[in-house]
Each structure stands twice: as structure tokens, then as C-alpha cells.
Amino acid sequence: MSKELKNPPAYTITSVDNALRIAAMLQLEGALTVSEVAARLGVARSTAHRLLAMLVYRDFAEQDESRVYRAGPVLELAAHSHSETSRLRAAALPHLRRLVAVLDESANLTVRTGDTARFIASVESQQSLRVGSREGMVFPSHRVTGGLLMLAELDEAELTSVYAEARYVDRAGERPDLARLKRELATIRKNGFAVNQDRSERGVVAVGVPVRYEDGTPRAGISVSMPSVRYDRKALPHIVSTLTAAARALEADLNPLVQRAARAHPR
């Protein structure tokens with residue numbers, strides 16, 4: 001059956017259309033300069049520069065030292081299966097809402113790709129002072145709870161590969177102190193949870209646990225975030241146990257073997 005031709009919407013927003021075209025070019029074609037983008041779109045260099053600057057701000061693009069633009073973390077994360085991400089997000093949302101209901105703090109689900117981590121689902125607390133939704137945002141993996149949880153599961157060779165010096169030639173300042181990171185990850189691995197204070201945002205504390213596949217490998221990180229003024233270390237055991245229960249429940253929803261076991265041995 002032939003596919004109907006696409007018609008542009010009646011009221012086209014040119015700036016949005018151009019930004020999306022640039023994102024597609026960066027993902028499909030590779031590196032581009034401002035002049036090349038301007039020529040392709042038929043716009044002034046100043047307009048192309050403003051569009052690229054917004055894509056960089058939203059992590060859809062990156063600019064290297066030679067002032068060439070490349071696909072950013074959000075586009076790189078597109079390699080992560082869309083169907084898997086959609087399924088994971090849909091399954092996680094009810095559990096995130098329950099976490100918010102129990103702990104009254106914002107809850108998140110994060111996945112990792114290489115040295116970046118993306119928040120694929122967020123549910124905000126209703127408190128007036130709260131951590132806002134981070135859904136869709138991308139951060140360095142070593143700066144967010146979910147990323148740390150998944151990095152902690154890598155062996156030394158895998159971790160060294162993720163943070164190989166060659167990958168940071170043009171951004172050496174972004175490469176973490178690997179020896180220090182390894183010590184931190186060893187603690188997370190031993191504890192089974194991560195506490196992140198002020199790493200991604202000043203004044204914010206996040207606590208998280210891993211969500212696993214049936215074989216035990218990490219699939220995502222589930223966490224709650226709160227203003228640091230409200231964080232009480234004495235409440236940590238309760239937070240961790242609540243998160244762990246949510247992670248196990250989410251795993252049961254996602255993993256067929258767990259589902260079958262639950263049906264075969266009802267409580």
C-alpha cells in the first residue's frame with residue numbers, strides 16, 4: 001500500500017523546523033560548521049549560530065575546540081532502543097508515583113549510555129520546595145545517582161574504556177578522577193545504593209538503587225531527589241528500603257521470569 005505524502009502543518013514554526021532539521025543532519029551526516037548549516041537551511045550565519053547554541057544547551061549538539069558541531073548526548077542516546085525506553089518508562093511511572101506518595105519527594109528513572117545518563121521518567125513531589133522534573137535531561141553518568149549505580153556494576157576494564165583518555169582529548173576537564181571514582185563506585189557496589197549530594201546540582205540530595213534485568217545486570221536506576229535542607233541521614237534506611245521495594249516491583253513488571261514465579265508462588 002502506498003504511503004500518503006506528508007504535508008507541512010498549516011502554521012509552520014520556522015525556527016522549530018530549522019532546529020529539528022539541524023538535529024537530523026548532525027545525527028545522520030556527522031559534523032557540521034555554522035557556515036554549512038546556514039547554507040543548508042538558507043539562513044544567515046547569525047541565525048544558524050543561535051539555533052546551534054540552543055541545541056547545545058539542550059544537549060542535542062556539542063561544539064568541539066575546532067568550533068565544529070557534532071551530535072550531542074541526547075542524539076547519541078537515540079541508539080538506546082526506543083521501544084525498550086518507552087516500555088521501561090511506561091512500566092516505571094506507576095512505581096514512581098507510589099514513591100512520591102510514600103516519601104513525598106520527586107522520583108526519577110535513569111538509563112546510561114556510555115559516559116552519559118538520561119532521565120527517561122520523572123514524577124514531581126507536590127511540596128512547594130521540591131526538585132523539579134528532569135525528564136529528558138542528560139548528565140554525565142558520574143554526576144547523577146542513576147549513572148553512578150550503573151557505573152558501579154562495570155568491571156575495571158569496562159570502566160576504563162568508558163573513561164579512556166582518548167575520548168576526552170577535546171574535553172579533558174570533563175573527565176573524572178578515575179581513581180577517586182573507582183573508590184566511590186566500590187562503596188556504592190558494597191552498599192547496594194547510592195547517595196548523591198550536590199554532584200549534579202547544588203542543594204540537592206538524591207538516593208537511588210538499581211533496577212535489574214533477569215540476569216542481574218543493571219537496566220536503570222530508580223531514585224528520589226530532595227532539597228538538601230530536608231535530607232535526614234536517619235531516614236536513609238527507610239528511603240533505601242522503599243526504593244528497593246519499588247525496584248523489585250518494577251522488575252517483576254518487566255521481567256517475564258519474575259512474573260511467572262510470582263504467579264506460581266502467590267503470597
Here the pair of heavy atoms bringing S228 nearest to Q197 is CB-NE2, 4.2 Å

Of all heavy-atom pairs linking E124 and Q126, the shortest is O-NE2, 3.7 Å

Nearest heavy-atom contact between D198 and G203 is OD1-N, 2.7 Å

OG1 of T116 to CE of M137, rounded to nearest 0.5 Å, is 13.5 Å

Interatomic distance, CD1@I120 vs CZ@R89, rounded to 0.5 Å, equals 8.0 Å

Is the backbone of E156 close enough, under 3.5 Å, to the side chain of T160 for a donor and an acceptor to pair up by distance? yes

Sorted by chain and residue number, the side chain to side chain donor-acceptor pair (under 3.5 Å) partners of S225 (sequence neighbours excluded) come out as N108

Closest heavy-atom pair, V43 versus A48, reported as atoms and distance to 0.1 Å, is CG2-N, 4.1 Å

Paired with E184, the salt bridge (charged side-chain N to carboxylate O under 4.0 Å, His left out) test is passed by just one of R199, K190, R143, R189, namely R199

Check the hydrophobic clustering (I, L, V, M, F, W, Y; side-chain heavy atoms under 4.5 Å; chains of links allowed) and say if V111 and V123 are grouped together.
yes

Note to self: Taking E153 first and then R112, would you say they form a salt bridge - that is, a charged N and a carboxylate O separated by under 4.0 Å?
What the structure shows: no

- Query: Are F193 and L148 joined in one hydrophobic group, where the rule is that I, L, V, M, F, W and Y side chains link up if heavy atoms are under 4.5 Å apart?
  - Reply: no

Are any side-chain N or O atoms of R130 and backbone N or O atoms of S125, one a donor and one an acceptor, separated by less than 3.5 Å?
yes

Here the gap from E135 atom CD to L109 atom CG, rounded to the nearest 0.5 Å, amounts to 10.0 Å

Considering residues, nucleotides and ligands other than R58, do more than 12 of their heavy atoms fall under 6.0 Å from its CZ?
-> no

Rounding to 0.5 Å, atoms OG1 (T113) and CZ (R118) come to a distance of 9.0 Å

Set out, in order, the CA-CA distance, both residues' side-chain angles and the distance that settles side chain to side chain contact (heavy atoms under 4.5 Å, CB included) for V224 and T145, then state yes or no. CA-CA 9 Å; V224 290; T145 307; over 6 Å; no

### Worked verdict on V56 versus Y69 for side chain to side chain contact (heavy atoms under 4.5 Å, CB included)
CA-CA 9 Å; V56 169; Y69 291 85; 3.8 Å; yes

Applying a strict under-4.5 Å side-chain criterion to I, L, V, M, F, W and Y, I'd like to know whether M25 and V34 cluster together. yes

The reported gap from CG in L149 to OG1 in T110 (rounded to nearest 0.5 angstrom) is 8.5 Å

Between R175 and Y163, the two heavy atoms sitting closest are NE-O, 2.6 Å

Report task. Quick one: do H95 and D253 satisfy side chain to side chain contact (heavy atoms under 4.5 Å, CB included)? Show the steps, please. Result -> CA-CA 10 Å; H95 300 286; D253 287 347; 2.6 Å; yes

Mark yes or no for whether S223, through its side chain, and G146, through its backbone, hold a donor-acceptor pair below 3.5 Å. no

Under a single-linkage definition using a 4.5 Å side-chain heavy-atom cutoff for Ile, Leu, Val, Met, Phe, Trp and Tyr, are L243 and L96 assigned to the same hydrophobic cluster? yes

Check step by step if side chain to side chain contact (heavy atoms under 4.5 Å, CB included) holds for R183 and T187.
CA-CA 7 Å; R183 291 194 296 271; T187 299; 5.9 Å; no

query = Is it true that R171 and E62 make a salt bridge, defined as a side-chain N closer than 4.0 Å to a carboxylate O?
reply = no

Checklist entry - Backbone N or O of H238 within a donor-acceptor pair of the T242 side chain at under 3.5 Å? => result yes

- Query: Would a hydrophobic clustering, with Ile, Leu, Val, Met, Phe, Trp and Tyr connected at side-chain separations under 4.5 Å, put V37 with L51?
  - Reply: yes

Nearest heavy-atom contact between F139 and V144 is CB-CG1, 3.5 Å

Taking CD in E158 as the centre, count heavy atoms belonging to other residues, nucleotides or ligands within less than 6.0 Å. Is the count above 12? yes

Item to check | Ion pair E36/R40, N-O distance below 4.0 Å | outcome: no

Do D104 and Q127 have side chains that get closer than 4.5 Å, going by heavy atoms? yes

Interatomic distance, CG@L41 vs CG@N18, rounded to 0.5 Å, equals 4.5 Å

Compare all side-chain heavy atoms of L254 with those of R87 and state whether any distance is below 4.5 angstrom. yes

